[in-house]
Amino acid sequence: MGFCLPHIFAFLTLTLVASHAALPPQLYWNSVLPNTQMPKSISELLQPDFAEEKGTTVGVGKGGVNVQAGKGKPGGGTNVNVGGKGGGVGVTTGKPGGGTNVGVGKGGVSVNTGHKGKPVYVGVKPGPSPFNYVYAATETQLHENRNVALFFLEKDIRPGTSMTLTFSGNSNTAAFVPRETADSIPFSSKKLPEIFSQFSVKPESVEADIIKGTIEECESSGIRGEEKYCATSLESMVDFSTSKLGGNIQAISTEAEKGATLQKYTITPGVKKLAAGKSVVCHKQTYPYAVFYCHATKTTRAYVVPLKGADGLEAKAVAVCHTDTSEWNPKHLAFQVLKVKPGTVPVCHFLPKDHIVWVPKKST
């Protein structure tokens, strides 16, 4: 079911016009990070012509949230979709018939822990994100077939290791809005009625639950040693990352060739270890506009992992390994999937294509 939202369009139009007084997100990036390349996962979310559009329609239905901004012509302007069916990543580690098998496709994910060949289904919505380490895995995450982060052990990151992966397009393509626009829109659990009203979302709907869940997760406390922040604009994500790591940083995300399908990939020589220690990882959230849940930690190692598929397609996947998981919830999804205990071994996960890791540049 779709809704034309003249009120939210009028609201966004006024705030977008007001935002012209500040630098556009692209120029802000260039001014703060002149020597840092913008990853594709970020540049694809920029909508430089959004403020010039003449009409906007926002559709909210079972498939998620759909925003269409056009110049008064059908099919023109900007199209933003949140939710609905999409792709993801799948991974198999271990020997045939054993180990941990994680497959994420258009429908979601199945996790096979090697016990009698029975899969464990893991879900993210509803329920907390698997990237929030305070929470225990919910029954929904363990039994439903939805998108999820992929956890594996650091020892698997070596040339010759084979993994069954699929890299397909992102379904959550909600675009960035300028910081002035984002700051003018309420983003607080205390303002949920106002947010629902502005986006014409019914309080008892699935979309309302997703909006509420995203905001509440952003407001929740992190684990000890973790600094968390939800960036509602590209500018605020840049500011948070530079405040934790300084200005000499790089932003990296997973890249895969178009057409990459579910198949066997092998890690090839050239695994690149990025600067160890403190990093900022930002995870794309489901929301009507681009929101990233970022957290800074001092106990991580990040890698760029080259992969080659059985059909010759190549990918460079970003892996983030957490070297100290002692503060994580003992019932966190990672421990249940990997069958390990907190604080015993580094726990790693690949970043989906629309997530970013920020790390200091290595000294030359």
Side-chain angles (χ1 to χ4, degrees), residues 26 29 36-47 78-94 100-111 124 131 146-152 154 156-176 234 250-274 281-284 286 290 292 301-321 348-359:
Q26 173 75 61
W29 175 289
T36 299
Q37 182 177 356
M38 180 182 290
K40 186 177 180 181
S41 59
I42 290 180
S43 62
E44 288 181 338
L45 301 180
L46 295 178
Q47 303 294 339
T78 303
N79 183 55
V80 181
N81 295 285
V82 182
K85 296 181 180 179
V89 182
V91 59
T92 302
T93 62
T100 300
N101 178 290
V102 186
V104 184
K106 290 186 177 181
V109 61
S110 64
V111 180
V124 174
F131 299 118
R146 300 287 179 88
N147 293 331
V148 73
L150 308 174
F151 296 98
F152 54 95
E154 191 174 25
D156 294 317
I157 306 177
R158 64 183 187 277
T161 297
S162 294
M163 303 181 179
T164 300
L165 298 161
T166 177
F167 298 98
S168 52
N170 301 323
S171 61
N172 182 9
T173 56
F176 282 112
L234 176 59
Q250 55 185 331
I252 304 173
S253 59
T254 293
E255 298 180 1
E257 293 183 17
K258 291 184 178 180
T261 57
L262 179 64
Q263 62 176 304
K264 182 178 179 180
Y265 284 83
T266 300
I267 297 180
T268 58
V271 173
K272 181 180 178 182
K273 185 178 180 179
L274 304 175
V281 182
C282 295
H283 308 282
K284 184 85 184 292
T286 303
F292 281 80
R301 286 191 285 264
Y303 300 84
V304 176
V305 183
L307 300 160
K308 188 169 185 177
D311 63 358
L313 289 178
E314 297 181 346
K316 290 184 178 180
V318 175
V320 176
C321 298
C348 309
H349 58 84
F350 281 124
L351 292 185
K353 291 169 66 177
D354 56 353
H355 296 205
I356 302 107
V357 62
W358 300 76
V359 293

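Please read all numbers here as calculations on a predicted model, not as lab measurements.
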N/O donor-acceptor pair under 3.5 Å between [X] side chain and [Y] backbone:
| X | Y | answer |
| --- | --- | --- |
| Trp358 | Ile252 | no |
| Thr254 | Leu351 | yes |
| Lys316 | Ser253 | no |

Taking atom [atom1] of [X] and atom [atom2] of [Y], what is their separation to the nearest 0.5 Å?
| X | Y | atom1 | atom2 | answer |
| --- | --- | --- | --- | --- |
| Ser162 | Lys264 | OG | NZ | 4.0 Å |
| Gln37 | Ile42 | CD | CD1 | 11.0 Å |
| Lys308 | Glu257 | NZ | CD | 10.0 Å |
| His355 | Lys284 | NE2 | NZ | 8.0 Å |
| Phe292 | Asp354 | CZ | CG | 6.5 Å |
| Met38 | Ile356 | CE | CD1 | 10.0 Å |

- [ ] I would like to know whether Val318 and Val305 meet side-chain contact (heavy atoms from CB on, under 4.5 Å); could you show each step before the answer?
- [x] CA-CA 6 Å; Val318 175; Val305 183; over 6 Å; no

Task: Cationic N near anionic O, under 4.0 Å, Glu154 to Arg301 - done: yes

What is the minimum heavy-atom distance between [X] and [Y], and which atoms define it?
| X | Y | result |
| --- | --- | --- |
| Pro269 | Pro306 | O-CG, 3.8 Å |
| Thr36 | Ala251 | CG2-N, 4.0 Å |
| Pro39 | Trp29 | CD-CH2, 4.0 Å |

Task: Parallel, tilted or perpendicular: ring planes of Phe152 versus Phe350, cut at 30 and 60 degrees - done: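 Ring orientation, 0 to 90° scale: tilted.
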
- [ ] Apply side-chain contact (heavy atoms from CB on, under 4.5 Å) to the pair Gln250 and Val359, showing each step before the final yes or no.
- [x] CA-CA 6 Å; Gln250 55 185 331; Val359 293; 3.6 Å; yes

Check: [Y] and [X] side chains under 4.5 Å, non-hydrogen atoms:
| X | Y | answer |
| --- | --- | --- |
| Cys321 | Ile157 | yes |
| Glu44 | Leu46 | no |
| Val320 | Tyr303 | no |

